[in-house]
Amino acid sequence: MKLGLALSVGLVGLEATLVEVEVALGNGLPRTVIVGLPDAALNEARDRCRAAMAHLGVPWPAQLVTVNLSPATLPKSGSHYDLAIAAGVLCAAGEVPPERLAGCVVLGELALDGRVRPVRGVLPSVLAAQRAGCHHAVVPAAQAAEARLVEGLEVVGVETLAELVAVLRGAPPPPRLPEVADPADPAPALDLADVAGQLEARWAVEVAAAGGHHLHLHGPPGVGKTLLAERLPGLLPELGPVESLEVSALRSVCGLGLEHGLVRRAPFAAPHHTATVAALVGGGSRIASPGAVSLAHHGILFLDEAPEFSSAALEALRTPLESGQVVLIRSQAQTTYPARFQLVLAANPCPCGNRETSGMECTCSSTAVRRYRDRLSGPILDRVDITCHLRPMTQSYLRASRGTAEDTATVAARVLGARERQRARLAGLPWTTNAAVPGPWLRRELPLPEGVELVDQAVARGRLSARGVDKVMRIAWTVADLAGADRPARAHLLTALAMRSGGPDLEKVSGCA
């Protein structure tokens, strides 16, 4: 019996495990068997590998070919095992020396003519290989730049199976055109100065960015809700090294490119209101894939026309909003994806959008309005920190405010200063923003804001829940951080209460008018 061994990587969510691809050529009827819990795409690898090797001019062994994927208990899925299976067969057949495959992880999908196609999850796979002690990686040429983001590993990109064979036989890697360094993010951030007027809403967005708070923008069509939400990522600080690696790994698992290197800017996910529960939080039959909440990790999840989303999809947000992760259980595996995002909801006052708008006629019945508003349930709205009602701006007001709005750079500088104050206050703790601080620690370790009796009155009147009290305190600390204060004053607490309720006095108490 002849044996060959190659290394690949098995992905279950973001958890990557080194997989040994063992190939045995033995006596028996000529056929190929793949064992080790392969899915349908992996079972079809034998046909792709056979055709690719035939195109190379190397016949598929006319023997019983057994391919074992170890550990055998780990579910295997995807086409990225193709190249490792072909390498293992070539090794068992004596076409390539086995020592060249030692400590080398091989990833790639094979076309029938031997071309190597890109696959998903190269970044987390190569990272797992590096941690497991591998010193070489062979990946599709189109994804070599992505693999080279992991330091301490020699990466070779191949375009065909013939190039892989040549490299394994000791030939130098094929020459490539020098990679042109792209900018970290080719798309410039949208400018907050584009939003005319809406000082109250701009202030709410600034506070949300500074403290990592969830935001609910409520108002008639055309007042700037979407405009403000789309500019929120530009106010957030650049991602740190750990955050950047997490966000980039999620993009890689979803098959999204990393042509510009690691993601440095906070991501922005805006699913359509017809999105299903699986599209929003993740899903799949054997091994669940990440959804929009994970693609918004360390960034913004924007639900435009939020009441138009299905109730099931909206209610599925409850757990990730609290825990910062999504646990998806399927028949083959349990998958956990990170999902620590800022939620931004945008909603009209009624289905037609004209209710409570001066000079506009609402055609909706009271029942339709109530049904529309009830789609955003109490538990979901209670998890949102800041509520802001936007009103249409008059032409005279817009003309007077033209050219006076602060741009993104100016506001982002204040947000960065507030974030730095939070990091200094929370140094050595697992939280970096006010919104992430647990309520018990907030009440026990930090001084109470001045005028805390106002919160007691709101609770007594039924305007605040226990969760709402903690959110008001967090917002008050964020407003104080923006003001450079060491402790929230009474005015900061008033602003926080107005932001929590979406009351009409927000502009007055915030001092942004």
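We're numbering straight along the sequence, starting at 1.
- Here Arg500 pairs with Asp382 in a salt bridge; the nearest charged N to carboxylate O distance falls below 4.0 Å.
- With hydrogens and angles ignored, the 3.5 Å screen pairs a side-chain donor or acceptor of Thr408 with a backbone N or O of Leu190.
- Qualifying side chain to side chain donor-acceptor pair (under 3.5 Å) partners for Ser377, counting only residues two or more places apart in sequence or in other chains: Glu315.
- Taking CG of Leu14 as the start and NE2 of His297 as the end, the distance is 8.5 Å to the nearest 0.5 Å.
- Counting only residues at least two apart or on different chains, no salt bridge (charged side-chain N to carboxylate O under 4.0 Å, His left out) pair has a member in residues 325-347.
- Gln342 places no side-chain N or O within 3.5 Å of a backbone atom of Leu215 that could act as its donor or acceptor partner.
- The closest side-chain heavy-atom distance from Leu5 to Cys91 is not below 4.5 Å.
- Residues in residues 227-256 take part in these salt bridge (charged side-chain N to carboxylate O under 4.0 Å, His left out) pairs, two or more places apart or across chains: Asp194-Arg231.
- For the pair Trp60/Cys49, a side-chain contact is recorded, criterion being any heavy-atom separation below 4.5 Å from C-beta on.
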Practice prompt. Tell me, with the steps shown, if Leu164 and Thr160 meet side chain to side chain contact (heavy atoms under 4.5 Å, CB included).
Written response: CA-CA 7 Å; Leu164 172 65; Thr160 64; over 6 Å; no

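- Interatomic distance, CE of Met53 versus CZ of Arg48, reported as 15.0 Å (0.5 Å rounding).
- One side chain, His136 or Glu154, offers a donor N or O that lies under 3.5 Å from an acceptor on the other.
- You'll find the side chain of Leu101 reaches within 4.5 Å of the side chain of Leu168, heavy atoms only.
- Here the closest heavy-atom approach between residue Ala201 and residue Cys388 is recorded as CA-SG, 3.6 Å.
- In this structure, the separation between CG on Leu217 and CG on Leu303 is 11.5 Å, given to the nearest 0.5 Å.
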Discussion item. Test side chain to side chain donor-acceptor pair (under 3.5 Å) on Glu146 and Ser252; report intermediate values, then the result.
Written reply: CA-CA 9 Å; Glu146 178 180 338; Ser252 180; 2.6 Å; yes

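- Contact check for Leu90 versus Val165: side-chain heavy atoms found under the 4.5 Å cut-off.
- With Ser244 contributing its side chain and Val263 its backbone, the two residues share a donor-acceptor pair below 3.5 Å.
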Worksheet item: Does the side chain to side chain contact (heavy atoms under 4.5 Å, CB included) test come out yes or no for Thr387 and Leu381, once each step is laid out?
Response: CA-CA 9 Å; Thr387 298; Leu381 291 178; 6.0 Å; no

Worksheet item: When you look at Arg318 and Ile380, which way does the side chain to side chain contact (heavy atoms under 4.5 Å, CB included) test go after all the steps?
Response: CA-CA 7 Å; Arg318 291 196 198 182; Ile380 288 294; 3.8 Å; yes

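- Smallest separation of non-hydrogen atoms from Ala313 and Ala275: CB-O, 4.1 Å.
- Under the 4.0 Å criterion applied to side-chain N and carboxylate O atoms, Arg371 and Asp374 are not assigned as salt-bridge partners.
- Here the options are Val9, Val105, Leu74, the test is side-chain contact (heavy atoms from CB on, under 4.5 Å), and the partner is Val19; only Leu74 passes.
- Contact of the Leu29 side chain with the Leu64 side chain is not registered, since no non-hydrogen atoms from C-beta on lie closer than 4.5 Å.
- In this structure, Ala346 and Asp304 approach most closely via the heavy-atom pair CB-OD1, 3.6 Å.
- Considering CG of Leu69 and OH of Tyr81, their distance stands at 6.5 Å, rounded to 0.5 Å.
- Across every non-hydrogen atom of Gly13 and Thr335, the tightest pair is CA-CG2, 3.3 Å.
- Side-chain contact check for Val65 versus Arg31: every heavy-atom pair is 4.5 Å or farther apart.
- Residue Leu328 comes nearest to Ser289 through the heavy atom pair CD1-O, 4.0 Å, listed as atom of the first residue, atom of the second, then distance.
- Within 6.0 Å of atom CD in Glu99, more than 12 heavy atoms from other residues, nucleotides or ligands are found, so the atom counts as buried in its surroundings.
- Looking at heavy atoms from C-beta onward, Leu295 lies in side-chain contact with Leu256 at the 4.5 angstrom threshold.
- Residues satisfying the side chain to side chain donor-acceptor pair (under 3.5 Å) criterion with Asn43, sequence neighbours excluded, are absent altogether.
- Between the side chain of Thr336 and the backbone N or O of Val327 there is no donor-acceptor pair closer than 3.5 Å.
- Judged purely by atom type and a 3.5 angstrom limit, His55 uses its side chain to pair as donor or acceptor with the backbone of Asp113.
- Under a cut-off of 6.0 angstrom, the local environment of CZ in Arg467 is crowded, with over 12 non-hydrogen atoms contributed by other residues, nucleotides or ligands.
- The side-chain hydrogen bond (donor to acceptor under 3.5 Å, both in side chains) test with Asn434 is passed by exactly one of Arg474, Arg425, Lys471: Arg425.
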Practice prompt. Would you check, one step at a time, whether the test side chain to side chain contact (heavy atoms under 4.5 Å, CB included) holds for Ile300 with Leu236?
Written response: CA-CA 10 Å; Ile300 307 298; Leu236 301 179; 3.8 Å; yes

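- For Arg120 and Glu109, the salt-bridge test fails: no basic side-chain N is under 4.0 Å from an acidic carboxylate O.
- Within the model, atoms CG of Leu345 and CG of Leu301 stand 8.5 Å from one another, a figure rounded to the nearest 0.5 Å.
- In this structure, Val156 and Val139 have side chains that are not in contact, with every pair of non-hydrogen atoms separated by 4.5 Å or more.
- Ring-plane geometry between His214 and Phe341 is classed as tilted, the angle between the planes lying from 30 to 60 degrees on a 0 to 90 degree scale.
- Here Glu163 pairs with Arg176 under the side chain to side chain donor-acceptor pair (under 3.5 Å) rule; sequence neighbours left out.
- Side-chain N/O atoms of Asn27 and Gln63 include no donor and acceptor closer than 3.5 Å.
- Smallest separation of non-hydrogen atoms from Ser294 and Tyr337: OG-CB, 3.3 Å.
- Salt bridge present: Glu322 and Arg383 bring a charged side-chain N and a carboxylate O closer than 4.0 Å.
- To the nearest 0.5 Å, atom CZ of residue Arg421 and atom CZ of residue Arg419 are 15.0 Å apart.
- Between the side chain of Glu15 and the backbone N or O of Leu11, no donor-acceptor pair lies under 3.5 Å.
- With 3.5 Å as the limit, one finds no donor-acceptor pair spanning the side chains of Ser70 and Glu20.
- Atom CD of Glu445 is surrounded by more than 12 heavy atoms from other residues, nucleotides or ligands within 6.0 Å.
- Thr478 and His213 share a donor-acceptor pair across their side chains, judged by distance under 3.5 Å alone.
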Identify each donor-acceptor pair in which a side-chain atom of residues 436-444 lies under 3.5 Å from a protein atom, sequence neighbours left out, and give them as a table.
unit_1	atom_1	unit_2	atom_2	d
Arg443	NH1	Asp470	OD1	2.6
Arg443	NH1	Asp470	OD2	2.9

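- Results of the side-chain hydrogen bond (donor to acceptor under 3.5 Å, both in side chains) test with Asn348 over His218, Lys225, Arg373, Glu308 single out Lys225 as the only residue that passes.
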